[in-house]
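Counting from 1, the numbers follow the sequence of the chain as shown.
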Amino acid sequence: MIRGSSTRRSLLKGSAAFMATAAVGINPKFLGAAHASELAPGMTGGPSGFPGAERFQYNETHSEGRAIEAMKKMVADGAAPKKITMLLADGAIGQITKPFPSGPSVKEVWEAETGVELDIVGAPAGDIWARVLQDVTTRSGTFDIYTHPWNSLGDLVEAGGAMNLDELVDKHRPDWADGERGTPTAQTAELLYKYGGSYYGASLDGDFQTWVYNKAYFEDPKNMADFQAEHGRDLAVPNTWVESDQVSAFFTGRTGLGGTKIYGNGNDMAPFWGLPRFYARFAAQAVPNMYWFDENGRPNLDTDEGIKAATEYVKTKDWSHPDVMSWTYAEGYNGIGSGQTAHLTTYTNVSKFVDRKNADGSPASPATGMLSAYMPPGVQHGDDLVRRSVIYYNITGTVSSRSQNPEAAYLFLQWLSSTRTYSWMAGNPAGYFDPFQKANFEEQFVSETYHPYMMDAIRETIARSAPTINFAGQTALDAALDEELQAALIGVKSPEDAMQSATKRWERVIRRKGEDKMIPIIQQSRAAWPTIVDKA
């Protein structure tokens, strides 16, 4: 069952036969000897019916297989629920419910193998967190599984809405941090799945801010010659923020696709959306990282490094589109796709939506076929180069503390987020679950959907990504910093005054939440920060 208007239409398009069998959670197509004969030797589950399906099949030695076998045992013991209810952003539902590339959908495979119905309740991404809070505060227990921004995890734990998953992780052993197939680094696993040292979330996304650029602009002979004459070096993708700002300034005012005026910096700077740009520049200001707080829990925003990052961030407005203060990621996508901007940092699926062809073979944007990607720029410290990006938003699944079926809900999350099922799902272009696991970047379908040029860039960006705020009080902390940066961007405050004001506001939030509770969490969060330092 899927609730919500768009998904209801999808359901109605399904066959009457499937609807009848789905009511009891069983699709005979995938049951019994017929389905087993379609699996690769030694495999006991997973999709079949399309070329390459064996890459996503599993047995009890795999994370997905362990989840399925445990769920089957619960069914046999009479301990399983008839259905699991999941709250999910509308835009991501298609990757679970739409067959890809043909054959069954992810939802159909789960229901066929376990007999447990998956009930997805859709909501707009902007409303998800409010729906979660409503369910928690009313103690209604409507959902077994919440999905929400990763940044909200601390607030959900503090509100008592998220179940601690430590025992279930130890019992069922997901492959989230598998050295060959899981997260790119051990720090990434800490970042995505833990809060305060314990497991609470299952990552269903890869919202790491990644740089893309218009290769045609960078390889244009006149641009190359002019840049060489102006800066005495080759025009190339930047390694540092200094070089990034030079490139942005150089392209601003030049003529691009179809006579379009180019603005060098295509980064969106609207409230909420611009914040990760500042965080990335800030985090690179020290070796190995410039942390948001010092070890005693005091904000680092008003340090020399923090003020420098804020000053540079405000300066980038000089090379931006005139409407950039209202630009969200959507306008950023349009900017690079239309040829208005030369490069930008944004969500990784920009390549999936902008650099593609329509069903009739026509280009989806003027820049189709012209984009490429590069590693995040950094700050040079002697011979060291600290490149940092950040994670921001990122759909995360948690088991509701009010769920009547917590282990069943966890088992579904483990199955969905494990590296075989997730690789299959990430390649499906029908939603915005983005790749983030090592196995995803080796997967043909993912590479075809996101383009080969994104594979190394995303993986290396994740390895160098710092957490944004996900502590309890995240909403207040981010809002305070965002408001101060916006004041600096419009010239109401200097960057230094903005950082000093933001520091005082952050200190009040920490005191209000309780220093005894917050400082250990802040200290614990350092386990999720990247340790990679490149050479300049």
Under the ring-ring contact (aromatic ring centres under 6.0 Å, His included) rule, collect the residues that match up with [X], sequence neighbours excluded.
| X | result |
| --- | --- |
| Y217 | none |
| W273 | Y329 |
| H321 | Y263, W327 |
| F251 | F218 |

Could you tell me whether a side-chain N or O of [X] sits under 3.5 Å from a main-chain N or O of [Y], the two making a donor and an acceptor?
| X | Y | result |
| --- | --- | --- |
| W211 | P238 | no |
| S401 | V399 | no |
| N265 | S248 | no |
| Q486 | D482 | no |
| S400 | R402 | yes |
| S389 | Q209 | yes |
| T147 | L87 | yes |
| Q95 | T97 | no |
| N214 | A216 | yes |
| S501 | D497 | yes |

What closest approach, in Å, do [X] and [Y] show between heavy atoms, and which atom pair accounts for it?
| X | Y | result |
| --- | --- | --- |
| L191 | S465 | CD1-O, 4.0 Å |
| V379 | A284 | CB-O, 3.2 Å |
| P184 | I462 | CG-CG2, 3.6 Å |
| G122 | R131 | O-NH1, 4.4 Å |
| K261 | G253 | CE-CA, 4.0 Å |
| M499 | A310 | CG-CB, 3.7 Å |

Mutual orientation of the aromatic rings belonging to F250 and H231 [parallel < 30°, tilted 30-60°, perpendicular > 60°]
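The rings of F250 and H231 stand perpendicular, inter-plane angle above 60°.
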Considering the options R281, K317, K315, which one meets the salt bridge (Lys or Arg N to Asp or Glu O under 4.0 Å) requirement together with D245?
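Result: among R281, K317, K315, R281 is the only option passing the salt bridge (Lys or Arg N to Asp or Glu O under 4.0 Å) with D245.
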Partners meeting side chain to side chain contact (heavy atoms under 4.5 Å, CB included) with [X] (sequence neighbours left out):
| X | result |
| --- | --- |
| D220 | K222, N223 |
| D478 | L275, Y279, Y392, I469, Q474 |
| A92 | L88, I395, Y432, F433 |
| A373 | V212, Y453, M454, A457 |

Can you see whether [X] engages [Y] through a side-chain donor-acceptor pair at a distance of less than 3.5 angstrom?
| X | Y | value |
| --- | --- | --- |
| Y450 | N349 | no |
| W176 | S417 | yes |
| T345 | N267 | no |
| E305 | N300 | no |

May I ask you to test the [X]-[Y] pair for a side-chain heavy-atom distance under 4.5 Å?
| X | Y | result |
| --- | --- | --- |
| N296 | I519 | no |
| N164 | Y200 | yes |
| I96 | I120 | yes |
| R298 | T503 | yes |
| T303 | M290 | yes |
| S203 | F436 | yes |
| D434 | K352 | yes |
| K535 | L385 | no |

Inter-residue atom distance [X].[atom1] - [Y].[atom2], 0.5 Å rounding:
| X | Y | atom1 | atom2 | answer |
| --- | --- | --- | --- | --- |
| T185 | K438 | OG1 | NZ | 8.5 Å |
| M86 | I93 | CE | CD1 | 9.0 Å |
| L371 | S365 | CG | OG | 6.5 Å |
| I336 | T341 | CD1 | OG1 | 4.0 Å |

How would you list, by chain and number, every residue that makes a salt bridge (Lys or Arg N to Asp or Glu O under 4.0 Å) with R387, sequence neighbours excluded?
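With sequence neighbours excluded, R387 shows a salt bridge (Lys or Arg N to Asp or Glu O under 4.0 Å) to D534, given in chain and number order.
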Holding to salt bridge (Lys or Arg N to Asp or Glu O under 4.0 Å), I want the full list of residues that pass it with E515, two or more places apart in sequence or in another chain.
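With sequence neighbours excluded, E515 shows a salt bridge (Lys or Arg N to Asp or Glu O under 4.0 Å) to no residue whatsoever.
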I'd like to know if D355 and K215 make a salt bridge, using a cut-off of under 4.0 Å between side-chain N and carboxylate O.
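So D355 does not pair with K215 through a salt bridge.
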Between Y213 and Y374, does the ring centroid distance fall short of 6.0 Å?
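Ring centroids of Y213 and Y374 are less than 6.0 Å from each other.
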Taking distance alone, no hydrogens or angles, what donor-acceptor pairs closer than 3.5 Å link side-chain atoms of residues 525-533 to residues at least two apart or in another chain?
from: S525; atom 1: OG; to: I522; atom 2: O; distance (Å): 2.6
from: R526; atom 1: NH2; to: F293; atom 2: O; distance (Å): 2.9

Can you pull the ring-ring contact (aromatic ring centres under 6.0 Å, His included) pairs that have at least one residue in residues 478-500, sequence neighbours excluded?
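Counting only pairs at least two positions apart or across chains, no ring-ring contact (aromatic ring centres under 6.0 Å, His included) contact touches residues 478-500.
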Stepwise, does the side-chain hydrogen bond (donor to acceptor under 3.5 Å, both in side chains) test hold for Q246 with R233?
CA-CA 11 Å; Q246 286 179 352; R233 63 181 180 86; 2.7 Å; yes
Stepwise side-chain hydrogen bond (donor to acceptor under 3.5 Å, both in side chains) test for D135 and Y146:
CA-CA 9 Å; D135 196 62; Y146 301 129; 2.6 Å; yes
Could you please spell out the steps behind the side-chain hydrogen bond (donor to acceptor under 3.5 Å, both in side chains) verdict for T468 and N151?
CA-CA 7 Å; T468 44; N151 297 89; 2.8 Å; yes
Quickly, which of D155, T396, T398, N394 forms a side chain to side chain donor-acceptor pair (under 3.5 Å) with H148? Name it, please.
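That would be T398; it is the only one of D155, T396, T398, N394 passing the side chain to side chain donor-acceptor pair (under 3.5 Å) with H148.
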N334 and E331: CA distance, side-chain angles, deciding distance, side-chain hydrogen bond (donor to acceptor under 3.5 Å, both in side chains) verdict:
CA-CA 5 Å; N334 181 66; E331 287 76 21; over 6 Å; no
